[in-house]
Amino acid sequence: MSKEKPTIPKGTRDFGPAVVVKRNYVFGVIKKTFEKFGYLPLETPAMEQLSVLTGKYGEEGDQLIFKILNSGDFLSKTKTEDIAEGHKHLTRKISEKALRYDLTVPFARFVVMNRNEITFPFKRYQIQPVWRADRPQRGRYREFYQCDADVVGTNSLLCEAEIVQMINEVLTELGLTDFTIKINHRGILAGIAEAIGEKGRESDICVAIDKLDKIGQEGVRKDLLERGISEAAVNRLEPFYTLQGSTAELLDQLQILLGETAEGQRGLQDLRDVWQYLSHLNSQALEAQIASGAPRLLLDVTLARGLSYYTGCIFEVKVNNVNMGSISGGGRYDNLTGMFGLPGVSGVGFSFGVDRIYDVLDELQLFPSSSQVGTKVLLVQFDKASELYALPVLQQLRDAGIAAELYPEPAKLKKQMGYADQKNIPYVILIGSEEMATGKLKLRNMQQGEQQDLTLEEIITKLS
RNA sequence: GUGGUUGUAGCUCAGUCGGUUAGAGCACCAGAUUGUGAUUCUGGGGGUCGUGGGUUCGAGCCCCAUCUUCCACCCCA
């Protein structure tokens, strides 16, 4: 026997029964909505070939992939010179598999592998854990669940509009009201880069302006100049930070600023189409406002998002007044399947971060009591005779659909009642010699502390 | 990956300048009460002070390493 205390790896967690029950409630709401919008479930392995994952998330992302050491003699393919060539080179020699980093890339891989069996447009949802070798923080774990819904094989912006609808529906059903769905478009970002005379430098520009709300205009200015963006370009960029007005007004202003650029024009047209779809869908997201009066669905030209495969609309969802990163994000990717040899299949999707949503709901105390399922009634026994008497009663309660359990030994009443109390079981049935003689069982309401003598039929009626 | 922070009973936390046998509340167990939980009263168990080294006559406290937690970067769900 080892004497060391057992631990779990950094950034991972055990979930006790009470937590799992509440997490399942969140999963249930999400699943129901996905299915309502025509998405069907898919599952893929926890591990993928390392080559499938590398290069899809940018350089930063590659470093955050958990690699799996080859089995057996993992050094068999290496030579002493390989070590000298550095860890990147060595990794390819000793690791061929990795834990999935997100659900979108495995999905694209699945689509390519099953292209002949799939009918397009193909809509799937996927609820599985992913792993990232990040440094843990509040709301940031190394193992966490994503709930993805993606559709591939269509360019229609109806999909983008439906993503907004699904986000709005799920979060609303979970009891959240003060949240912002941010939307932007890679074309807008590219258009901005072109319009300020720094075409092709959009990744540097994105990284910088994404931090606008954190480090302010001066901080971004400094950052951009350090990245080698010309001062003239930075000066032309700054008007974009302060665009004001309704979404329609924003689009009009952007039209003037970006209309000449092909990419900007593409982005603006896409966004206009999305808004039009939402408008015809009578989307609540268009009407709802957050506390500050800003619209719930917010066109935010400073929203960037790092995942490198996005090419069209991009989304991010923030719950306001809670110290938590985004709880949902996604976007359109035109060439993900192309990386696996199937070009011309555009996809769009998004993901809910259940772990963060859980933390938010917990903090805001939004878990309804109905989400906490459990035993409805506990049968208390005194001796062998009462145990035998209780067994058919137990079965009849269960047959009636009532969650019931019999305390499995004739422990002291205090202990059995204490068990019911701790498990928050609302009713207890006492079966002693008196009850067995009369057939009237003692039903105790644990919340009110009242009890009455009832037949089993009366109890079933009362508890159903 | 960079810089910082945290760790003492099951939980939340005290613990003075480095000084005798490390405390409290809650929780737990037992009894008051042999057919009644949550409320009341009485008593009880529970600690290698995250782990491993070091300094010191002496370390929960100081130093180093490591693990963990949280925070700021980076990035993200």
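Given the structure is predicted, the values throughout are model-derived calculations rather than measurements. So you know, we letter chains A, B, ... as the sequences are listed, proteins then strands, and number each from 1.
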Item checked: Length of the CD1-P vector between A:I429 and B:G37, whole Å -> 18 Å
Item checked: Between P of B:C75 and CE of A:M324, the distance in whole Å -> 20 Å
Note to self: Can you work out whether A:F352 or A:Q448 has the more 5'-proximal nearest nucleotide on RNA chain B?
What the structure shows: A:Q448
Next item on the list: For A:G61, report the nucleic acid contact type (base, sugar-phosphate, nothing); a contact means any heavy atom under 4.0 Å.
Entry: nothing
Next item on the list: Remember a base hit wins even if backbone is also touched, and classify A:G432 as base, sugar-phosphate or nothing at under 4.0 Å, heavy atoms.
Entry: base
Check: What's the CG-P distance between A:D14 and B:G10, to the nearest Å?
Finding: 17 Å
Notebook entry, point to check: Which part of the nucleic acid does A:G11 contact within heavy-atom distance under 4.0 Å: base, sugar-phosphate only, or nothing?
Noted result: sugar-phosphate
Next item on the list: Report yes if a side-chain nitrogen or oxygen of A:Q416 is closer than 4.0 Å to either non-bridging phosphate oxygen (OP1 or OP2) of B:G35; otherwise report no.
Entry: no
Notebook entry, point to check: Taking OP1 and OP2 of B:G37, is either one under 4.0 Å from a side-chain nitrogen or oxygen of A:K412?
Noted result: no
Next item on the list: Using a strict 4.0 Å threshold on nitrogen-to-oxygen distance, state whether A:E198 and A:R227 make a salt bridge.
Entry: no
Next item on the list: Identify whether any heavy atom of A:F382 sits under 4.0 Å from a base atom; if not, whether one sits that close to sugar-phosphate; answer base, sugar-phosphate or nothing.
Entry: base
Checklist line | Residues A:D150 and A:Y333: side-chain donor-acceptor under 3.5 angstrom | finding: yes
Notebook entry, point to check: With sequence neighbours left out, what residues match A:F37 under side chain to side chain contact (heavy atoms under 4.5 Å, CB included)?
Noted result: A:T33, A:Y39, A:E162, A:Q165, A:M166, A:E169
Checklist line | A:K10 vs B:U68: side-chain N/O to OP1/OP2 distance below 4.0 Å | finding: yes
Notebook entry, point to check: Touch check for A:V207, heavy atoms < 4.0 angstrom, all strands: base, sugar-phosphate only, or nothing?
Noted result: sugar-phosphate
Note to self: Taking atom NZ as the centre, does A:K31 end up with more than 12 heavy-atom neighbours from other residues, nucleotides or ligands that are less than 6.0 angstrom away?
What the structure shows: no
Check: Contacts to RNA chain B from residues 449-464 of chain A, heavy-atom cutoff under 4.0 Å, which residues?
Finding: A:G449, A:Q451
Check: Would one find a side-chain N or O of A:Q137 under 4.0 angstrom from OP1 or OP2 of B:U69?
Finding: no
Check: A:K318 near the nucleic acid: base, sugar-phosphate alone, or nothing, with a heavy-atom cut-off under 4.0 Å?
Finding: nothing
Next item on the list: Please report, rounded to the nearest Å, how far the P atom of B:C73 is from the CG atom of A:D223.
Entry: 13 Å
Next item on the list: Using whole Å, report how far CZ of A:R142 lies from C1' of B:C76.
Entry: 14 Å
Check: If you measure from the P atom in B:U69 to the same atom in B:U6, how many Å do you get, rounded?
Finding: 16 Å
Note to self: At 4.0 Å (heavy atoms only), tell me whether A:S433 reaches a base, stays on the sugar-phosphate, or touches nothing.
What the structure shows: base
Note to self: Nearest whole Å is fine: how far is B:G31 P from A:L413 CG?
What the structure shows: 14 Å
Margin query: Using a 4.0 Å heavy-atom cut-off, does A:L430 contact any base of the nucleic acid, only the sugar-phosphate backbone, or nothing at all?
Written below: base
Item checked: B:U33 phosphate, OP1 or OP2, under 4.0 Å from A:K415 side-chain N/O -> no
Check: How does protein reach along nucleotides 1-7 of chain B, written 5' to 3' as B (base within reach of a heavy atom under 4.0 Å), S (only sugar-phosphate), or - (no contact)?
Finding: BBB----
Check: Starting at NZ of A:K211 and ending at P of B:A72, how long is that distance when rounded to a whole Å?
Finding: 15 Å
Check: Which residue, A:M446 or A:P136, contacts RNA chain B at a nucleotide closer to its 5' end, judged by nearest heavy atom?
Finding: A:M446
Note to self: What's A:E59 touching, base or sugar-phosphate or nothing? Going by heavy atoms closer than 4.0 Å.
What the structure shows: nothing
Item checked: A:D210 CG - B:C75 P separation (whole Å) -> 8 Å
